[in-house]
J.: 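Structure provided below as C-alpha cells; questions to follow.
Just so you know, these numbers use all the heavy atoms, side chains as well, and skip hydrogens, waters and symmetry mates. Please read these numbers as outputs of a predicted model, since none were measured by experiment. One is the number of the first residue; the rest follow in order along the sequence.
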Amino acid sequence: MVLLFFYPHSIWLPSLLGSPANVCNADFQVSLRVGPNQRFPVITTLPNGTPLQLIRRQFNQLGQEWSLVNAGGAEGFIPSGHVCS
C-alpha cells in the first residue's frame with residue numbers, strides 16, 4: 001500500500017500575519033528568494049538576527065514550509081525554520 005499526501009500550495013495562518021520576527025538558526029546567510037523553493041532566484045542574503053515582518057507561511061509543492069517575509073523593504077521567501085519570533 002502506498003500513501004500519498006497532498007500539500008496545498010498555500011496554507012494561511014492569519015494569526016501570524018504582520019508578526020515581527022527575525023532570522024535565526026543560521027550558521028550562514030539565509031537567501032531571500034522570489035518564490036518558495038531553492039530554485040527561485042535570490043533577491044538578497046540575510047544574516048542571523050535580521051529583523052523581519054512575517055507575512056505568511058506556506059508549503060511548496062514538495063511539502064517544504066516557507067515564509068513570505070519583508071526584510072527592510074525587500075519581500076521574499078525564506079525557509080520557515082529560519083524565522084523566529
J.: With side-chain hydrogen bond (donor to acceptor under 3.5 Å, both in side chains) as the rule and sequence neighbours excluded, what pairs involving residues 21-37 come up?
T.: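 Of all non-adjacent pairs touching residues 21-37, those that pass side-chain hydrogen bond (donor to acceptor under 3.5 Å, both in side chains) are Gln29-Thr45.
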J.: According to disulfide bond (SG atoms under 2.5 Å apart), does anything in residues 45-85 pair up with another residue at least two apart or in another chain? List the pairs.
T.: Cys24-Cys84
J.: Check whether any side-chain heavy atom of Leu52 lies under 4.5 Å from a side-chain heavy atom of Pro20, and answer yes or no.
T.: no
J.: With a cut-off of 3.5 Å and sequence neighbours excluded, list every side-chain donor-acceptor pair involving residues 67-77.
T.:
residue : atom : partner : partner atom : Å
Ser67   : OG   : Ser80   : OG           : 2.7
Asn70   : OD1  : Gly73   : N            : 2.8

J.: CG of Leu46 to CZ of Phe28: how many Å apart, nearest 0.5 Å?
T.: 11.5 Å
J.: Do Val42 and Trp66 share a hydrophobic cluster, counting only Ile, Leu, Val, Met, Phe, Trp and Tyr and linking them when any side-chain heavy atoms are less than 4.5 Å apart?
T.: no
J.: Quick one, His82 with Asn48, criterion side-chain contact (heavy atoms from CB on, under 4.5 Å). Give me CA distance, side-chain angles, the key distance, then yes/no.
T.: CA-CA 9 Å; His82 293 295; Asn48 223 10; over 6 Å; no
J.: Nearest 0.5 Å, please: how far is CD1 in Ile78 from CD1 in Ile43?
T.: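 Here the interatomic distance stands at 11.0 Å.
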J.: According to the disulfide bond (SG atoms under 2.5 Å apart) rule, which pairs have a member within residues 27-60, sequence neighbours left out?
T.: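 Listed by first then second residue: nothing to list.
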